[in-house]
Protein chains: 2
Amino acid sequence: MNESKIVAGLAALAHEHRLRIFRLLVKRGPTGMPAGEIAQRVGIGPTNMSFHLKELDRAGLLHATRDGRYVRYAVHVEGMRRLLAYLTEDCCQGRPELCGEAFAAAADVCAASKGARK
Amino acid sequence: MNESKIVAGLAALAHEHRLRIFRLLVKRGPTGMPAGEIAQRVGIGPTNMSFHLKELDRAGLLHATRDGRYVRYAVHVEGMRRLLAYLTEDCCQGRPELCGEAFAAAADVCAASKGARK
DNA sequence: TGCACATTACAATAAGTCTTGAAATATTGC
DNA sequence: GCAATATTTCAAGACTTATTGTAATGTGCA
């Protein structure tokens, strides 16, 4: 995975409105939500919303599909996964005895989300 | 966890040099590394390095400890964990049947890192 | 076709971030 | 105390990003 793509993904999320958009769509799941409804919930104008959605799309974190006169946006899960993976990759030189319990908490977060799936 | 702290954390990582610094220190583990050595490996000057380390520190992703005439920087694991947790929180309205296998991959990444610990 | 609604593109201004060098601070060993 | 090394602070300039209004595009329906 390309470093600059990861930077783009992080930069896309590093904004109050875009983070809210992203989390809203993470919660919503693959159904997604039309741009206008997102704008209403996040509380910003349509021009500004379009700008931010484009940023998230370009970063590979959302994808857009036209649905009649609406455009629905939904989370792009694979893009999200890559981001999380990149940040934790090769922790402690691959020798976990060096970090001990350091990453246990991080692992547990994800284990919990996995548990919630079934 | 405060939204603006998460934004600060993501913004801190959303930069080529800072992402390299962070990953370098994730790989290194809790031992950390002196600022000068980080600068050398990442290939930027000391002034600029100090600027970026301060950003990561302020965002709660690193912590600094003085070690003689050096200052060692190491990953702040709890800050990192909060960031990852926030992004995946409440996926699919807590009803995983909505996203199906969507987040399995993300969970597996972390499960793998957990597996690597023992 | 023509009107209404949803979204995007463009342009301008405002605001924030990155990089650099020179100077300041902290620590060690003589 | 003084010189050497490590790191940080400060200030200036270049660069990038966010916001806003207005205009354009795309779609559905009468």
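Per chain, numbering begins at 1; letters A, B, ... match sequence-line order. When reading the values below, keep in mind they use all heavy atoms of this one structure, side chains included, and skip hydrogens, waters and symmetry mates. Fair warning: this is a prediction, and the values are worked out from it, not measured in the lab.
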**Message:** Whether A:His15 contacts C:dT17 is assessed here as follows: a side-chain N or O lying under 4.0 Å from the phosphate OP1 or OP2. Is that the case?
**Reply:** no
**Request:** Can you label the angle between the A:His15 ring and the A:His52 ring as parallel, tilted or perpendicular, going by 30° and 60°?
**Result:** tilted
**B:Ala74 to B:Pro30 - nearest heavy-atom pair and separation** = CB-O, 3.7 Å
**Asked** Does a side-chain N-to-carboxylate-O contact under 4.0 Å join B:Arg20 and A:Glu3?
**Response** yes
**Fill in**
Between CG of A:Asp57 and P of C:dA9 the distance, given in whole Å, is 10 Å
**Asked** For A:Leu19 and D:dA18, what is the distance between atoms CG and C1' respectively, to the nearest whole Å?
**Response** 16 Å
**Prompt:** Can you tell me how far C1' of C:dC18 sits from CD of B:Glu55, to the nearest Å?
**Reply:** 10 Å
**Prompt:** Distance check: side-chain N/O of A:His52 vs OP1/OP2 of D:dT17, anything under 4.0 Å?
**Reply:** no
**Request:** Could you please spell out the steps behind the side-chain contact (heavy atoms from CB on, under 4.5 Å) verdict for B:Leu19 and A:Leu10?
**Result:** CA-CA 10 Å; B:Leu19 184 56; A:Leu10 291 163; 4.1 Å; yes
**Prompt:** Within this structure, what is the CZ-to-P distance between A:Arg58 and C:dT8, rounded to whole angstrom?
**Reply:** 14 Å
**Prompt:** Is there a side-chain contact (heavy atoms from CB on, under 4.5 Å) between B:Ile21 and B:Leu53 once you walk through the steps?
**Reply:** CA-CA 8 Å; B:Ile21 294 167; B:Leu53 288 171; 3.9 Å; yes
**Request:** Identify the heavy atoms of B:Ile6 and B:Leu83 that sit nearest to each other, and give their distance.
**Result:** O-CD1, 3.7 Å
**Prompt:** Taking atom C1' of C:dT19 as reference, at what distance in whole Å does atom CG of B:Asn48 sit?
**Reply:** 6 Å
Would you tabulate the pairs of protein nitrogen or oxygen atoms and nucleotide nitrogen or oxygen atoms of nucleotides 4-11 of chain D closer than 3.5 angstrom?
from, atom 1, to, atom 2, distance (Å)
D:dT5, O4', B:Arg69, NH1, 2.9
D:dT7, OP1, B:Ala35, N, 3.1
D:dT7, OP1, B:Gly36, N, 3.4
D:dT7, OP1, B:Val71, N, 3.4
D:dT7, OP2, B:Gly36, N, 2.6
D:dT8, OP1, B:Tyr73, OH, 2.6
D:dT8, OP2, B:Ser50, OG, 3.1
D:dT8, O5', B:Ser50, OG, 3.4

